[in-house]
Protein chains: 2
Amino acid sequence: MPRILAPRNLPMQQRALEKREMILSVTAKLLGTVGQDDLTTILIANKTGISVGTLYHYFPNKYSILFALSQRWLNEIDYALDDIDNFSLKDVSLRDFTNYSIDRMLNVYTDQEGILPLVQLMSGVPELKELDEEHDEKIIFTMSKIFNRLSISSNPLTLSRLSQTWLEVTHAILLIAITSKKDDKKSILSDLKHMIMSLLEKAKSNF
Amino acid sequence: MPRILAPRNLPMQQRALEKREMILSVTAKLLGTVGQDDLTTILIANKTGISVGTLYHYFPNKYSILFALSQRWLNEIDYALDDIDNFSLKDVSLRDFTNYSIDRMLNVYTDQEGILPLVQLMSGVPELKELDEEHDEKIIFTMSKIFNRLSISSNPLTLSRLSQTWLEVTHAILLIAITSKKDDKKSILSDLKHMIMSLLEKAKSNF
DNA sequence: ACCTGAACACCGTTCAAGT
DNA sequence: ACCTGAACACCGTTCAAGT
């Protein structure tokens with residue numbers, strides 16, 4: 001009767017999951033403090049209070065830790081995209097859409113600890129880059145659907161291009177915004193929204 | 001009379017410089033083919049046709065090779081900025097300025113071999129990141145001067161913010177543009193110019 | 001059942017020995 | 001005067017031995 005083992009197993013599972021979480025949060029912190037180059041597996045293990053061998057019990061290799069951190073961050077973006085999708089009804093104005101979507105994305109960028117080094121890693125490490133690029137495709141797919149619903153265009157190529165531009169411009173500027181002081185941040189966000197709105201208005205007027 | 005050695009030294013110097021160039025171009029090519037992770041010093045040395053020891057005669061360490069590649073690329077940007085600065089006279093229109101500056105920057109991005117992995121390295125490796133960030137400051141200084149001359153603003157903080165936004169948006173979108181097919185590239189550049197122009201027009205109208 | 005850390009393979013860098 | 005490549009230090013990963 002395996003079920004009888006459950007009470008015994010559960011704490012084990014929980015402790016294992018907690019240790020996994022600890023490794024991830026320690027790595028995220030170290031990424032911001034010591035940087036990518038000095039981030040050794042032994043350092044991660046020691047700071048987590050375990051041995052290297054145990055570290056490799058939870059993760060098959062060093063990059064799988066960074067992979068898990070990346071996945072977590074991309075998941076947060078997915079939640080934001082869902083919210084943006086739900087908000088963007090047929091009759092919503094471009095201004096409202098832009099304000100909501102940029103603000104919602106800003107939250108994701110603000111909440112993630114050590115997002116700057118993580119983003120750099122994602123574009124530099126092949127394994128993470130692949131994950132990131134696949135995820136970009138998903139974003140572009142969702143945004144295309146939304147832009148179509150908002151009557152910005154119906155041409156798949158145009159929708160895909162606008163979505164990619166929306167993604168890259170938003171990404172680049174939000175990374176600046178989160179490291180800016182309060183007043184500057186407000187202006188930067190206002191500039192970003194203005195640019196995105198111009199982009200979408202122009203596309204819509206051509207449609 | 002040391003001067004008598006010059007004819008003897010010159011060919012040596014030249015051969016040394018040529019070897020240095022070979023190492024740099026081999027590294028740039030390898031960066032695009034094998035990627036950052038498999039770019040070992042022994043591989044660079046072998047592909048250049050020299051030993052590791054000789055490689056270290058020309059460069060003090062691995063990153064100094066990538067540092068030299070980065071400097072070369074940043075130099076090309078400086079030439080472009082000079083051209084943009086010379087083009088941007090007091091009475092030039094925002095449309096002409098935007099068209100010229102984006103087109104001129106596009107050339108720099110198009111001409112550089114292996115620019116994508118190089119850009120990733122520059123943001124990921126601390127030594128290169130520092131070089132890149134210092135250079136960004138120079139770009140922002142020059143662009144601020146230009147934006148001021150074009151009567152877009154006279155507030156240093158506003159000028160600096162607009163310059164940074166100009167830089168980041170242009171950078172992000174040009175990286176997409178250079179990997180796009182002809183027709184798509186045209187549309188992407190048109191979108192970029194439209195966004196930049198909206199940004200500058202808005203700032204100017206507030207001035 | 002889970003953990004440890006010495007041991008192995010590999011990469012950046014050096015330097016004694018070669019031409 | 002310049003080049004070579006074995007040797008060293010260090011990091012990612014494994015696995016025999018411990019509890």
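Protein chains get the first letters and strands the later ones, always in sequence-line order, with residue 1 at the start of each.
- Between D/dT14 and A/Tyr56, no contact under 4.0 Å exists linking OP1 or OP2 to a side-chain N or O.
- The nearest whole Å value for the distance from the CD1 atom in B/Ile50 to the P atom in D/dT4 is 7 Å.
- With contacts defined as side-chain heavy-atom distances shorter than 4.5 Å, the pair B/Leu55/B/Thr48 does not qualify.
- Once rounded to the nearest 0.5 Å, the distance linking CZ of B/Phe67 with CG of B/Leu74 reads 9.0 Å.
- Going from atom NE2 of A/His57 over to atom P of C/dC3 covers 6 Å, rounded to whole Å.
- Side-chain polar atoms of B/Ser51 and B/Thr54 form a donor-acceptor pair below 3.5 angstrom.
- Rounded to whole angstrom, the span from the CZ atom of A/Phe59 across to the C1' atom of D/dG12 amounts to 16 Å.
- Protein atom CG of B/Asn46 is 9 Å distant from nucleotide atom P of D/dG5, rounded to whole Å.
- Looking only at distances, no side-chain donor or acceptor of B/Thr158 sits under 3.5 Å from a matching main-chain atom of B/Ser154.
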Problem set entry | Working for side-chain contact (heavy atoms from CB on, under 4.5 Å), residues A/Asp78 and A/Asn75 | CA-CA 5 Å; A/Asp78 284 341; A/Asn75 262 337; 3.9 Å; yes

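- Looking at A/Arg72 and A/Glu113, no side-chain N of the basic residue comes within less than 4.0 Å of a carboxylate O on the acidic one, giving no salt bridge.
- In this structure, the side chain of B/Arg149 engages the main chain of B/Ser88 through a donor-acceptor pair within 3.5 Å.
- Within residues 116-130 of chain A, no residue has any heavy atom under 4.0 Å from DNA chain D.
- The ring-ring contact (aromatic ring centres under 6.0 Å, His included) test applied to B/His194 returns no partner, not counting sequence neighbours.
- For the segment residues 32-43 of chain A, the set of residues with a heavy atom within less than 4.0 Å of an atom of DNA chain D comprises A/Leu39, A/Thr40, A/Thr41, in numerical order.
- In this structure, A/Arg15 places its CZ atom 9 Å from P of C/dC3, rounding to the nearest Å.
- In this entry the distance linking OH of B/Tyr63 with P of C/dG12 reads 8 Å, nearest Å.
- Taking the P atoms as reference points, C/dC2 lies 23 Å from D/dT13, given to the whole Å.
- Side-chain N/O atoms of A/Ser198 and B/Lys202 include no donor and acceptor closer than 3.5 Å.
- Spacing between atom OH of A/Tyr58 and atom C1' of C/dA1 amounts to 11 Å, rounded to whole angstrom units.
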List the atom pairs, donor and acceptor, that lie under 3.5 Å between side-chain atoms in residues 33-43 of chain A and the rest of the protein, sequence neighbours left out.
unit_1: A/Thr33; atom_1: OG1; unit_2: A/Lys29; atom_2: O; d: 3.3
unit_1: A/Thr33; atom_1: OG1; unit_2: A/Leu30; atom_2: O; d: 3.2
unit_1: A/Thr40; atom_1: OG1; unit_2: A/Leu43; atom_2: N; d: 3.1

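- Using cut-offs of 30° and 60° on the angle between ring planes, the pair A/Phe147 and A/Trp166 is perpendicular.
- For the C1' atom pair drawn from D/dC10 and C/dG5, the interatomic distance equals 16 Å after rounding to whole Å.
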Exercise. Please, what dot-bracket string fits DNA chain C when only Watson-Crick and G-U pairs with both distances under 3.5 Å count, crossing ones use [ ] and pairs to another strand use |?
Worked result: ||.|||||...|||||.||

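- Separating the CG atom of B/Asn61 from the P atom of C/dT13 is a distance of 5 Å, rounded to the nearest angstrom.
- Distances shorter than 4.0 Å separate some side-chain N or O of B/Thr54 from OP1 or OP2 on D/dT4.
- No donor-acceptor pair under 3.5 Å is formed between the side chain of B/Asp85 and the backbone N or O of B/Leu81.
- Regarding contacts with the backbone of C/dT14, every side-chain N or O of B/Lys62 stays at 4.0 angstrom or more from both OP1 and OP2.
- For B/Thr165 (side chain) and B/Arg161 (main-chain N/O), a donor-acceptor pair under 3.5 Å exists by modelled atom type.
- In this structure, the separation between CD1 on A/Ile196 and CG on A/Leu200 is 6.5 Å, given to the nearest 0.5 Å.
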Restricting both atoms to N or O, compile the protein contacts to nucleotides 17-19 of chain D shorter than 3.5 Å, with distance only.
none

